[in-house]
Amino acid sequence: MRWFRRDRPRRSRLHGVPFAAPSADWPRLFAAEAARLTQAGVSGELQHIGSTAVPGLAAKPIIDIQLVIPDDQWNPGPLLDAGYRHIRGSTRESRYYELYTGRITYLIRRRDPSDPNVRRCLLLRDYLLTHPDETAVYGELKARLARRSRHGPSRYRAGKAPWLVAANGRAEQWARETGWPG
């Protein structure tokens, strides 16, 4: 999957992976973009996921948006008309769309409600929102990996994977204990 276009800098102050300090603007940017997309006629539920959805967590300057809509109701026209471009994913039918504004990237993952990743992304987000100690550990891991991943995002993502697998297990336990509504 190609995450970074050539018209954007590939390096940041943390070397190979563009990385930003936590920003209080991220939730506002998501809300404004969700409102813009809704007004443009994009149907489905727009959800803020990923690191930019967790206050205090450093992240790549990418607002991750999960767009949940049944496959048989999906029409990409309004999203494309809103300036997004379809990007190739690792699966045969990519469901990724991207908009780069010059300041920030919006990355939409379009998913059917039956996709288990819908729940998984919301659960991890909500778990991190309620567990600041986990958020701090994850943030330190991400910063360390960003400094070491001089050749791009694939090594960065691979380095996060073991922590994310374990954190998802802890999040599932938390969901059972608390009755998380997801």
Side-chain angles (χ1 to χ4, degrees), residues 1-69 74-91 93-111 117-118 121-122 124-125 128-129 135 138-161 164:
M1 177 180 293
R2 190 168 137 195
W3 289 91
F4 302 104
R5 293 181 13 195
R6 288 189 186 126
D7 59 342
R8 287 185 262 165
R10 288 186 179 263
R11 297 193 179 263
S12 72
R13 61 188 166 83
L14 291 177
H15 308 295
V17 176
F19 209 68
S23 173
D25 284 344
W26 290 337
R28 182 190 57 76
L29 290 168
F30 163 76
E33 185 62 7
R36 185 181 82 84
L37 291 172
T38 300
Q39 187 164 10
V42 174
S43 57
E45 186 177 353
L46 296 161
Q47 303 164 336
H48 192 184
I49 61 170
S51 295
T52 61
V54 180
L57 187 56
K60 295 174 292 188
I62 298 172
I63 304 292
D64 289 302
I65 300 172
Q66 181 165 257
L67 172 57
V68 182
I69 185 169
W74 173 236
N75 172 13
L79 189 61
L80 298 172
D81 290 345
Y84 280 78
R85 69 181 186 94
H86 182 250
I87 56 176
R88 292 180 187 247
S90 57
T91 62
E93 181 189 330
S94 174
R95 299 171 182 213
Y96 295 92
Y97 297 84
E98 175 188 59
L99 175 69
Y100 178 60
T101 67
R103 177 176 169 228
I104 194 125
T105 298
Y106 295 93
L107 180 65
I108 293 181
R109 290 166 171 83
R110 205 278 304 164
R111 294 180 169 137
N117 286 318
V118 170
C121 288
L122 295 175
L124 184 61
R125 178 200 66 193
L128 290 174
L129 287 170
T135 301
Y138 186 40
E140 290 168 11
L141 172 67
K142 289 168 49 123
R144 188 170 55 253
L145 289 169
R147 284 191 297 272
R148 292 181 184 165
S149 301
R150 297 171 191 247
H151 301 293
S154 61
R155 192 171 183 190
Y156 172 79
R157 285 191 305 271
K160 294 188 316 179
L164 288 169

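Only a predicted model underlies this, so the values are computations on that prediction, with no experimental measurement involved.
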Checklist entry - Where is the tightest heavy-atom contact between Leu129 and Pro55, given as atom of each residue plus distance? => result CD2-CD, 3.4 Å

Next on the checklist: Treating Thr105 as the side-chain partner and Ile62 as the backbone partner, does any N or O pair qualify as donor plus acceptor under 3.5 Å?
Outcome noted: no

Checklist entry - When you look at Trp74 and Arg95, which way does the side chain to side chain contact (heavy atoms under 4.5 Å, CB included) test go after all the steps? => result CA-CA 11 Å; Trp74 173 236; Arg95 299 171 182 213; over 6 Å; no

Checklist outcome for this item: For Ile49 and Thr52, the nearest pair of non-hydrogen atoms, with its separation, is O-OG1, 4.1 Å

Item to check | Any residue meeting salt bridge (Lys or Arg N to Asp or Glu O under 4.0 Å) with Asp25, in chain and number order, not counting sequence neighbours | outcome: Arg28, Arg103

Checklist entry - Between CZ of Phe30 and CG of Leu46, what distance do you get to the nearest 0.5 Å? => result 6.0 Å

Item to check | Derivation of the side chain to side chain contact (heavy atoms under 4.5 Å, CB included) call for Val42 and Ile69 | outcome: CA-CA 10 Å; Val42 174; Ile69 185 169; over 6 Å; no

Next on the checklist: Please check: side-chain N/O of Arg148 versus main-chain N/O of Arg155, any donor-acceptor pairing under 3.5 Å?
Outcome noted: no

Checklist entry - At their closest point, which heavy atom of Ala53 faces which heavy atom of Arg125, and how far apart are they? => result CB-CD, 3.8 Å

Checklist entry - Checking side chain to side chain contact (heavy atoms under 4.5 Å, CB included) for the pair Leu122/Gln66: CA distance, chi angles, key distance, verdict? => result CA-CA 9 Å; Leu122 295 175; Gln66 181 165 257; 3.9 Å; yes

Next on the checklist: Looking at every non-hydrogen atom in both residues, tell me the closest pair between Ile87 and Glu98 and how far apart they are.
Outcome noted: CG2-OE1, 4.0 Å

Checklist outcome for this item: So CG of Leu57 and CD of Glu140: to nearest 0.5 Å the spacing works out to 11.0 Å

Next on the checklist: If I compare all heavy atoms of Ser51 with all of Lys142, which pair ends up nearest, and what's the gap?
Outcome noted: OG-NZ, 2.5 Å

Checklist entry - Taking all atoms of both residues into account, what is the closest heavy-atom pair of Ala40 and Ala82, and its distance? => result CB-CB, 4.3 Å

Checklist entry - Tyr84: what forms a ring-ring contact (aromatic ring centres under 6.0 Å, His included) with it, not counting sequence neighbours? => result none

Checklist entry - Listed by chain and number, what are the salt bridge (Lys or Arg N to Asp or Glu O under 4.0 Å) partners of Arg144, not counting sequence neighbours? => result none

